[in-house]
Amino acid sequence: MQTPLLTPDKDPMGAAIADYYANGKAGKLRVFSSMFDEDEIPVKQLFRCFAEMPPMEQKALRRSSGKILDVGAGSGCHSLALQEMGKTVKAIDISPLSVDTMQKRGVKDVCLENFFNKQFNGSFDTILMLMNGSGIVGKITNLPVFFRTINRLLAPGGCVWMDSSDLRYLFEDEDGNLDIDIEDDYYGEVDFRMQHKNVKGDSFDWLYIDFQTLCLHAANNGFKAEKIQEGEHYDYLARISRI
Ligand code: SAH
């Protein structure tokens, strides 16, 4: 949310996506966070086809209809699957390298665009935010801006399909009680930094939100959230629509 658009020298995920598309393989996409040990995103996973997607993503794609907006589309995996189903989709991303790769892969309507840019307009029946899509909201305090944005971009009767995770399992003690300080920031706010080869990105905020907190904020902003499916590990798919 804080980054308007990325530049190639600060875009490790875009570099990994472009590398994988050009060479059929990519170096490690390393992920650092103050909350977790160093991790890695398998770049191949960003190129998953419909059959390789988790059931929650498949459900969101099947239920997408009308004019669809794929937010933070990455390699274009969801947009390409939707096109194959004969659906109409616009893909946006803040990464010029990802946008370039999506064009090369055949995504028909691609735009280098920040979802939160007030000048970005349109009227969409479905907005897709997948692979912990709540992440790009960044922080709980950005939720009012998020709801204003979807209110501007959703056609009457439209909805957002978003997946997220409840990170409570990181803070639970043996008895299942949450070991968090109420004074602390919300427990799903994470800082990440990525690196691909020698391309290092800036640190960014990424929001994981539990379903109850999402419902509360949705209601405060004129929306409702329904849990449509649960994943295998505290993750879920939500459908967000106007009250
Ligand atoms: N949806 C894809 C990629 C997920 S990674 C998939 O499921 O494989 C998140 C993507 O969101 C990255 O490509 C990143 O560049 C993009 N992104 C982050 N913030 C954004 C914003 N504000 N607007 C548009 N895209 C954004």
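Keep in mind that what you see is a predicted model, and the values were worked out from it rather than measured. Quick note: residue numbers are just sequence positions, from 1. For ligands, and for the atoms within them, numbers begin at 1 and follow the listed sequence.
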Does ligand 1 have a heavy atom under 4.0 Å from the side chain of A73, from its backbone, from both, or from neither?
-> backbone

Should you measure from each heavy atom of H78, which atoms of ligand 1 turn up under 4.0 Å away?
-> 6 (C), 7 (O)

Could you list the atoms of ligand 1 found under 4.0 angstrom from a heavy atom of E113?
-> 23 (N), 24 (C)

Between E57 and ligand 1, which part of the residue brings a heavy atom under 4.0 Å of the ligand: side chain, backbone, both or neither?
-> neither

Hey, are the side chains of M194 and I41 touching, using non-hydrogen atoms and a 4.5 Å cut-off?
-> yes

Can an N or O of M13 be found at a distance shorter than 3.5 Å from an N or O of ligand 1?
-> no

For L130, counting its heavy atoms only, list the atoms of ligand 1 lying under 4.0 Å from any of them.
-> 1 (N), 7 (O)

D93 and ligand 1 - part of the residue with a heavy-atom distance under 4.0 Å = both

Considering the heavy atoms of N114, write down every atom of ligand 1 situated less than 4.0 Å from one of them.
-> 21 (C), 22 (N), 23 (N)

Can you list the ligand 1 atoms lying under 4.0 Å from a non-hydrogen atom of C77?
-> 8 (O)

Are the side chains of S164 and L214 in touch, meaning some heavy atoms are under 4.5 Å apart?
-> no

Have a look at I94, I92, D11 and point out the one with the heavy atom closest to atom 20 (C) of ligand 1.
-> I94

Could you check whether the rings of F146 and F115 sit parallel, tilted or perpendicular, using 30° and 60° as the cut-offs?
-> tilted

Y21 versus D100, side-chain donor and acceptor atoms under 3.5 Å | no

From the candidates W206, F47, F115, the one that places a heavy atom nearest atom 23 (N) of ligand 1 = F115

Just say parallel, tilted or perpendicular for the rings of F47 and Y20, cut-offs at 30° and 60°.
-> tilted

State, yes or no, whether a side-chain contact exists between R239 and Q229 at a heavy-atom distance under 4.5 Å.
-> no

No-hydrogen, no-angle side-chain donor-acceptor test under 3.5 Å, S34 and D191 | yes

Restricting to heavy atoms, the pick from G133, G74, S98, G72 nearest atom 1 (N) of ligand 1 would be G72

Side chains of F204 and I136 in contact at under 4.5 Å (non-hydrogen atoms) = no

Under the side-chain contact (heavy atoms from CB on, under 4.5 Å) criterion, do R62 and F50 qualify, and how do the steps go?
-> CA-CA 10 Å; R62 280 202 191 95; F50 185 80; 3.8 Å; yes

Is the closest N or O pair between L46 and ligand 1 shorter than 3.5 Å?
-> no

Under 4.0 Å from one or more heavy atoms of R48, ligand 1 contributes atoms 6 (C), 7 (O), 8 (O)

